[in-house]
Amino acid sequence: MAEQKAPRKLCLIASKGSLDMAYPPMILANAARMSGIETHIFFTFWGLDIITKKKMNGLNVAVVGNPNMHPWVHIPTIIGVIPFMSEAATWMMNREIAKLDFPPVGEFMEMLVDAGAHIYGCKMSMDMMKLKKEDLIDGASVLGAMEFMDIAEGAQIIFV
Amino acid sequence: MADVLATVKFDAEGYMEDASAWNEKVAEAIAVRESVKLTDRHWVVIKYCRDTFTKTGEAPTLRNITKNTDVQTKELYELFPGGPGKLAAKISGLKKPTGCI
């Protein structure tokens, strides 16, 4: 019953900031925490948008250059460049996410912090994007890649 | 405590096979085995899990628990430190929740 295996540890690297790529790391991190697994998420490059207060609730779905953009029929790139196509796709995806009872990005991240997931912003990306710790959600800390390597020792790592 | 569980069947992961064999004594015995000391706050969660099972036939998701009881995420993790998704269902005599959130 009580397995005596070494405790599992999960490290996720979130490198994309579009709406569709924001949910996978959050959902996996949440599932890990619900199962009692120690969880760390390192947000780097565009992934930083997911934990940046001013941006987290305004993430978008890209229509142009997205080969999966075929809600009914495939939307050709030439149609995708029409103004507000991306907004329409984003609106639709947000609606579907809400239907499944998944919270919006900001609320989801808050839930993860409360659930005890460790949240890090990549220092180098933050310097590049002129972001400060105060720009990130409460509970996030700033970390260099090498420090993340120390934390990730012995963990299962997923790059998103 | 041990005799309470003697006649109860569990699957390989420690979830009860038959939710109808559950009662409060069984819950207490499972909690002891999982090193959880039950308080009134645990019972708020357990009762909600049982109610949901009666209505839907499944264990509720944690999101459902925090939305429909006054137990919020942080407290839920304090109550069930080994992973509330697994432990709340186990102690409530239910299967692992199938929901992803």
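Residue numbers begin at 1 in each chain, while the letters A, B, ... track the order of the sequences.
Contact count versus chain A (heavy atoms, under 4.5 Å) is highest, among B:E75, B:K74, B:R63, for B:R63. Each of B:S35, B:G83, B:A88 has some count of heavy-atom pairs under 4.5 Å with chain A, and the biggest count is that of B:G83. Highest contact tally toward chain B, considering only A:G36, A:P103, A:A31, is held by A:P103 [criterion: heavy-atom pairs under 4.5 Å]. Ranked by heavy-atom pairs shorter than 4.5 Å toward chain A, the options B:T73, B:I101, B:L62 are led by B:I101.
Ring-plane geometry between A:F42 and A:F148 is classed as parallel, the angle between the planes falling under 30 degrees on a 0 to 90 degree scale with a further cut at 60. Classification of the A:F108-A:Y23 ring pair by plane angle, with boundaries at 30° and 60°, yields perpendicular.
At a 4.5 Å heavy-atom cutoff, A:E38 makes no contact with chain B through either its backbone or its side chain. For B:K96, no part lies under 4.5 angstrom from a heavy atom of chain A.
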For this session: Determine, stepwise, if the pair B:N64 / B:T61 fulfils side-chain hydrogen bond (donor to acceptor under 3.5 Å, both in side chains).
Result: CA-CA 5 Å; B:N64 277 331; B:T61 60; 3.2 Å; yes
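The residues B:K95 and B:E17 are annotated as salt-bridged, a charged nitrogen and a carboxylate oxygen being separated by less than 4.0 angstrom. Ion pair B:K90/B:D11 not flagged as a salt bridge, since none of the NZ, NE, NH1 or NH2 atoms sits closer than 4.0 Å to an Asp/Glu carboxylate oxygen. Ion pair B:D51/B:K47 not flagged as a salt bridge, since none of the NZ, NE, NH1 or NH2 atoms sits closer than 4.0 Å to an Asp/Glu carboxylate oxygen.
From A:R33, atom CZ reaches atom CG of B:L76 across 11.0 Å, with rounding to the nearest 0.5 Å. Within the model, atoms OG1 of A:T44 and CD1 of A:I13 stand 8.5 Å from one another, a figure rounded to the nearest 0.5 Å.
Using a 4.5 Å cut-off between non-hydrogen atoms, the part of residues 111-121 of chain A that approaches chain B consists of A:M111, A:D114, A:A115.
With hydrogens and angles disregarded, no donor-acceptor distance shorter than 3.5 Å links the side chain of A:D135 to the backbone of A:L131.
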